[in-house]
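All remarks here apply to the structure that follows.
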There are 2 protein chains.
Amino acid sequence: MRTAFYISDGTALTAEAFGHALLSMFPIAVEHKTLPFIDSEEKAQRVCRLIQQAQAEDGEAPLIFHTFVNTELKQKITSCGGVSYDFLDKFVGPLAAELGVEAQPKTHRTHGIHQDYSFRIDAINYTLDHDDGKKLNKLSEADIILIGVSRTGKTPTSLYLALQYGIKAANYPITDDDDFESLRLPAALKPHRHKLFGLTLEPDRLHEIRSKRREGSRYASLQQCRFELAEVEKLYRREAVPFIDSTRFSVEEIAAKILAETNLKRHRY
Amino acid sequence: MRTAFYISDGTALTAEAFGHALLSMFPIAVEHKTLPFIDSEEKAQRVCRLIQQAQAEDGEAPLIFHTFVNTELKQKITSCGGVSYDFLDKFVGPLAAELGVEAQPKTHRTHGIHQDYSFRIDAINYTLDHDDGKKLNKLSEADIILIGVSRTGKTPTSLYLALQYGIKAANYPITDDDDFESLRLPAALKPHRHKLFGLTLEPDRLHEIRSKRREGSRYASLQQCRFELAEVEKLYRREAVPFIDSTRFSVEEIAAKILAETNLKRHRY
């Protein structure tokens, strides 16, 4: 199997994003290795040996996706074997020409600390405090309130919105404490109707997820899942709450779809 | 101000990573606009108008970072003005030649749902359950246990590790319930010593963070912050717990540093 290296004098998150996007277009299996903070001659030397070792073991040249700001270290890494892909190199020149500004590379700028840092931490704290309907007193501060029946992905989606985008995302469960047959919007949510966003799933998938928690229970039964989802979707439609079926989506995709549909203001870029 | 568009028929996360990495090298202010899921002729038409509008308003060509799988939509987007940067185009060919395999582009593969999806959700649930020393009964399942005094970033870091990498990250506070003058490793943590990782901050920064919570309190005083941090760092050294000072780092950087130092196995790539 080929080895793909993601190497940088920073976090290597950009090198990963770049390499993964390219490799995902090919139907091949790859062994991934991320090597962040390669910021000294000595560390670069060690990386060199890893590249050579991979080449010897795989019998094929490793693929090297890198984003170095320090050009000497870059030189060192690209000269020790493997095939290098340097996207900064290809694009910085044309972009500088278009902008009429010279590049001023600094490490740690892409994924470095931002001024809006405390905004993000506040969002995470808010989201944790307002997970699963825990607190209701500050719903007016929420940027968005996710709703849905148990196990439809409210918590991971809320946390992702907070961590990635600094969005204060509360979430509130539609539970079977409520009478599902005559499902209404919980009173606590009514004043915040414009911030609601619903999640739903296909019944088979919810049944599978709930069965992992409480195998054989009424809660996990396909019949109950089917019933709850049908009722909650009726509720969404009746109350004009936008919603998505997240069965085939990752947390990243659900979050991106919610942002696209709601025009929510992101606090980070 | 220039407008930068990040456009894709998928989440546009890769287009963002690509564009941000490049733009972060230039000392210019940019207005960012992400347009994900542009997967129909009609949506592409709307995007075209947005690009033309930005060009008219800015008086400068918008920068367009895109990652389309659908080539017709890509054509449409790149032909309506602005300056396009297409990194897939530049690298797919060389990579195909190296691999000896044709590219098989599919949307939603890079940030799509993975087989390891439930692993990630399990990690998030585990981390939430084991936040701030809440539960101790399953610490043996943790991949890592972050420790530190109050407000040194344990919770955001744990959540990031869980969400991004599927790592079960517990965290445990070193509090002043304990006698700081003779600080010891809490008994609950002793059996898991090999999984501990410490966080610390500069006293000024901790003072600033705590003051936002409880202005003027002893807890937030610079003296108390200085004292707690000095004692906890002594503890880390005495017990050989690896640790980092996260004062100048973002959550992404802290997480990347922890992964690099511990060789923790990531469950997602």
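Bear in mind the structure is a predicted one, so any value in this text is a computation, not a measurement. A, B, ... follow the sequence lines: proteins, then strands. Residue 1 opens every chain. When reading the values below, keep in mind they use all heavy atoms of this one structure, side chains included, and skip hydrogens, waters and symmetry mates.
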Measuring heavy-atom distances to chain B, does [X] have an atom under 4.5 Å in its side chain, in its backbone, in both, or in neither?
{"X": "A:A96", "answer": "both"}
{"X": "A:I124", "answer": "side chain"}
{"X": "A:V101", "answer": "both"}
{"X": "A:L22", "answer": "both"}
{"X": "A:L259", "answer": "neither"}
{"X": "A:N263", "answer": "neither"}
{"X": "A:L35", "answer": "neither"}

Residue pair [X] / [Y]: nearest heavy atoms and the distance that separates them:
{"X": "A:I121", "Y": "B:P156", "answer": "CD1-CG, 3.6 Å"}
{"X": "A:P27", "Y": "B:E102", "answer": "CD-O, 3.8 Å"}
{"X": "A:A21", "Y": "B:T14", "answer": "CB-CG2, 3.2 Å"}
{"X": "B:N125", "Y": "A:R213", "answer": "ND2-NH2, 4.2 Å"}
{"X": "B:F37", "Y": "A:E253", "answer": "CZ-O, 3.7 Å"}
{"X": "B:P36", "Y": "A:A256", "answer": "CG-O, 4.0 Å"}

query: Do the ring planes of B:F18 and A:F87 sit parallel (below 30°), tilted (30 to 60°) or perpendicular (above 60°)?
result: tilted

- request: Classify the angle between the aromatic ring planes of A:F91 and B:F91 as parallel (below 30°), tilted (30 to 60°) or perpendicular (above 60°).
  value: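 Tilted: the ring planes of A:F91 and B:F91 meet at 30° to 60°.
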
- prompt: With chain B, which of A:D131, A:V92, A:T155 has the greatest number of heavy-atom pairs at distances under 4.5 Å?
  reply: A:V92

If you round to the nearest 0.5 Å, how far is [atom2] of [Y] from [atom1] of [X]?
{"X": "A:Q104", "Y": "B:I28", "atom1": "CD", "atom2": "CD1", "answer": "11.0 Å"}
{"X": "A:Q164", "Y": "B:E252", "atom1": "CD", "atom2": "CD", "answer": "6.0 Å"}
{"X": "A:T67", "Y": "B:M25", "atom1": "OG1", "atom2": "CE", "answer": "9.0 Å"}

